[in-house]
Peer 1: 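Quick one: this structure, given as structure tokens, is what I'll be asking you about.
Quantities reported herein were computed from a predicted structural model and do not represent experimental measurements.
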Amino acid sequence: MTRVLITGADTKLGVAVNDHFTARGAVTAAPPADTDHADRAAVRDAVRRAVERMGGIDVLVVAHGLPHVAAFTEQSMAEFWKHVDTTLTGSFLYAQAAAEHMRDNGTGGRIVLTTSRWHVGGAKLSAVATAAGGIVALTKTLTRDFGAFGIGVNAVAIGNVDSEWSVCDLEGATPPLDRIGSVDQVAGVIGLLSRPELKAAVGQIVNADGGQSRNRV
């Protein structure tokens with residue numbers, strides 16, 4: 001039975017991911033709602049408790065980030081760093097804690113981070129782009145740190161999807177798919193990337209944005 005830790009149970013994506021895994025017989029756990037995702041001690045305690053509850057961890061899905069849209073000249077450093085710390089630092093801390101359990105228990109596992117397709121930058125998205133770009137780099141780096149222990153790390157870059165992140169998308173822009181995607185569709189992509197038989201498919205950034213992105217990461 002697959003054991004999955006999912007952050008962001010209070011977000012549309014987090015709910016969809018949890019439903020995806022439980023529908024397939026997985027055991028899931030989530031950090032307490034009041035967890036400070038940027039606090040190392042709090043994150044490690046949340047991961048430890050989840051591992052104890054499930055009897056181990058096979059998959060980590062980080063989906064707790066929320067967007068921050070603000071004009072560059074009107075944005076305070078406190079607002080900027082709050083978003084970067086919650087999303088980027090949080091991704092680092094959860095991945096670090098989960099990967100240690102996977103490595104030390106000799107089980108290996110899969111880690112799927114989530115980020116925004118706006119790692120390429122966009123108007124009023126300086127904080128979003130900074131955090132998202134960091135997650136792209138982190139994904140590729142973690143694969144090199146933990147790949148030898150059977151831990152595969154990938155990320156999903158989300159855009160043009162009916163979620164809290166839709167405020168980042170260009171108003172009126174229609175993706176080539178000609179319709180807005182759903183969090184259930186993104187959850188399916190995350191579920192696929194979580195499958196251990198993918199093995200060598202690691203260190204990848206998969207765009208789930210209806211074909212809008214044309215970048216190579």
Peer 1: How many angstroms lie between NZ in Lys124 and NE2 in His68, if you round to the nearest 0.5 Å?
Peer 2: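 Rounded to the nearest 0.5 Å, the NZ-NE2 separation comes to 11.5 Å.
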Peer 1: Taking side-chain contact (heavy atoms from CB on, under 4.5 Å) as the definition, give me every residue that meets it alongside Thr73, ordered by chain and number, with sequence neighbours left out.
Peer 2: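 Result, side-chain contact (heavy atoms from CB on, under 4.5 Å) vs Thr73: none returned.
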Peer 1: Nearest 0.5 Å, what's the CD1-OG1 distance between Ile135 and Thr114?
Peer 2: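 Separation between the atoms: 6.5 Å.
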Peer 1: Please lay out, stage by stage, how Ile205 and Thr139 fare under the test side chain to side chain contact (heavy atoms under 4.5 Å, CB included).
Peer 2: CA-CA 8 Å; Ile205 314 301; Thr139 299; 3.8 Å; yes
Peer 1: Can you name the residues that form a ring pair (Phe, Tyr, Trp, His ring centres under 6.0 Å) with Tyr94, not counting sequence neighbours?
Peer 2: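 Tyr94 satisfies ring pair (Phe, Tyr, Trp, His ring centres under 6.0 Å) with His37, His64 once adjacent residues are dropped.
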Peer 1: Would you find more than 12 non-hydrogen atoms of other residues, nucleotides or ligands less than 6.0 Å from Phe92 atom CZ?
Peer 2: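 Open.
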Peer 1: Between Leu5 and Val61, does a side chain to side chain contact (heavy atoms under 4.5 Å, CB included) hold up when you go through it step by step?
Peer 2: CA-CA 6 Å; Leu5 173 59; Val61 178; over 6 Å; no
Peer 1: Kindly compute the distance separating OG1 (Thr7) from CG (Leu60), expressed to the nearest 0.5 Å.
Peer 2: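 One gets 7.0 Å once the value is rounded to the nearest 0.5 Å.
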Peer 1: Quick check: do Leu138 and Leu113 have side-chain heavy atoms less than 4.5 Å from each other?
Peer 2: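 When only atoms from C-beta onward are counted, Leu113 and Leu138 do touch, with a gap below 4.5 Å.
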Peer 1: Are the side chains of Val69 and Leu125 in contact, using a 4.5 Å heavy-atom criterion?
Peer 2: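 Sidechains of Val69 and Leu125: in contact.
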Peer 1: Between the main-chain N or O of Ala38 and the side-chain N or O of Asp36, is there a donor-acceptor pair closer than 3.5 Å?
Peer 2: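 Present.
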Peer 1: Starting at OG1 of Thr2, measure out to CZ of Arg110 and round the result to the nearest 0.5 Å.
Peer 2: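 Interatomic distance, Thr2 OG1 to Arg110 CZ, rounded to 0.5 Å: 12.0 Å.
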Peer 1: Run the side-chain contact (heavy atoms from CB on, under 4.5 Å) test against Met1 and tell me which residues pass, sequence neighbours left out.
Peer 2: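 With sequence neighbours excluded, Met1 shows a side-chain contact (heavy atoms from CB on, under 4.5 Å) to Val27, given in chain and number order.
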Peer 1: Side-chain donor-acceptor pairs under 3.5 Å in residues 12-19, sequence neighbours left out?
Peer 2:
residue	atom	partner	partner atom	Å
Asn18	OD1	Thr28	OG1	2.7

Peer 1: Could you tell me whether a side-chain N or O of Asp58 sits under 3.5 Å from a main-chain N or O of Val4, the two making a donor and an acceptor?
Peer 2: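 Pair absent, no side-chain N/O of Asp58 close to backbone of Val4.
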Peer 1: Applying side-chain contact (heavy atoms from CB on, under 4.5 Å), name anything that partners Ala9, two or more places apart in sequence or on another chain.
Peer 2: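 For Ala9 the side-chain contact (heavy atoms from CB on, under 4.5 Å) partners, ignoring immediate neighbours, are Ala30.
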Peer 1: Please list all pairs passing the salt bridge (Lys or Arg N to Asp or Glu O under 4.0 Å) test where one or both residues lie in residues 142-153, with sequence neighbours left out.
Peer 2: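 Not a single pair qualifies under salt bridge (Lys or Arg N to Asp or Glu O under 4.0 Å).
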Peer 1: Give every residue pair that meets the salt bridge (Lys or Arg N to Asp or Glu O under 4.0 Å) criterion with at least one member in residues 127-136, sequence neighbours excluded.
Peer 2: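 Of all non-adjacent pairs touching residues 127-136, none passes salt bridge (Lys or Arg N to Asp or Glu O under 4.0 Å).
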Peer 1: Applying side chain to side chain donor-acceptor pair (under 3.5 Å), name anything that partners Asp45, two or more places apart in sequence or on another chain.
Peer 2: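 Result, side chain to side chain donor-acceptor pair (under 3.5 Å) vs Asp45: Arg48, Arg49.
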Peer 1: List the residues meeting salt bridge (charged side-chain N to carboxylate O under 4.0 Å, His left out) with Arg195, not counting sequence neighbours, and say none if there are none.
Peer 2: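 Checked Arg195 against salt bridge (charged side-chain N to carboxylate O under 4.0 Å, His left out); matches are Glu197.
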Peer 1: In sequence, state the C-alpha distance, the side-chain angles, and the governing distance for Val186 and Val156, and then conclude on side chain to side chain contact (heavy atoms under 4.5 Å, CB included).
Peer 2: CA-CA 8 Å; Val186 177; Val156 178; 4.1 Å; yes
Peer 1: Kindly indicate whether the side chain of Thr11, heavy atoms from C-beta on, has any atom under 4.5 Å from the side chain of Leu66.
Peer 2: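 Yes. Closest side-chain heavy atoms under 4.5 Å.
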Peer 1: Side-chain contact test, heavy atoms from C-beta onward, threshold under 4.5 Å: evaluate it for Leu142 versus Ile111 and give yes or no.
Peer 2: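 Not touching, per the 4.5 Å side-chain cut-off.
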Peer 1: To the nearest 0.5 Å, what is the distance between CG (Leu192) and CG (Leu198)?
Peer 2: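 Result: 5.5 Å between the selected atoms.
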Peer 1: Among all residues two or more places apart in sequence or in another chain, which pass the side chain to side chain donor-acceptor pair (under 3.5 Å) test with Ser126?
Peer 2: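 Result, side chain to side chain donor-acceptor pair (under 3.5 Å) vs Ser126: Gln75.
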Peer 1: Which pair of heavy atoms, one from Ala99 and one from Ile151, lies closest together, and at what distance?
Peer 2: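 That closest heavy-atom pairing would be O-CD1, 3.5 Å.
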Peer 1: I want to check something: taking the side chain as every heavy atom from C-beta on, are Ser182 and Asp162 in contact at a cut-off of under 4.5 Å?
Peer 2: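 The answer is no, as the side chains (C-beta and beyond) never meet within the 4.5 Å cut-off.
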Peer 1: Sequence neighbours left out, what pairs pass salt bridge (Lys or Arg N to Asp or Glu O under 4.0 Å) with at least one residue falling in residues 87-103?
Peer 2: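 Output for this query lists Arg44-Glu100.
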Peer 1: Okay, side chain of Lys140, backbone of Gly203: is any donor-acceptor separation there less than 3.5 Å?
Peer 2: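 Yes, the answer is positive, given that a donor and an acceptor are paired below the 3.5 Å cut-off.
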Peer 1: Any non-hydrogen side-chain atom of Val59 less than 4.5 Å from a side-chain atom of Arg3?
Peer 2: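 Counting from C-beta outward, Val59 and Arg3 never come under 4.5 Å.
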Peer 1: Any donor-acceptor pair under 3.5 Å linking the side chain of Thr86 with the backbone of His83?
Peer 2: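 No.
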Peer 1: Holding to side chain to side chain donor-acceptor pair (under 3.5 Å), I want the full list of residues that pass it with Thr89, two or more places apart in sequence or in another chain.
Peer 2: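 Asp85.
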Peer 1: Rounded to the nearest 0.5 Å, what's the gap from CD on Gln96 to OG on Ser91? Could you check?
Peer 2: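 If I round to the nearest 0.5 Å, the distance is 12.5 Å.
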Peer 1: Just do the side chain to side chain contact (heavy atoms under 4.5 Å, CB included) check on His20 and Asp184 with the steps written out, would you?
Peer 2: CA-CA 8 Å; His20 175 89; Asp184 292 331; over 6 Å; no
Peer 1: Evaluate the side-chain proximity of Val112 to Ile190: yes if any heavy-atom separation is below 4.5 Å, no if none is.
Peer 2: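 Ile190 reaches Val112 side chain to side chain.
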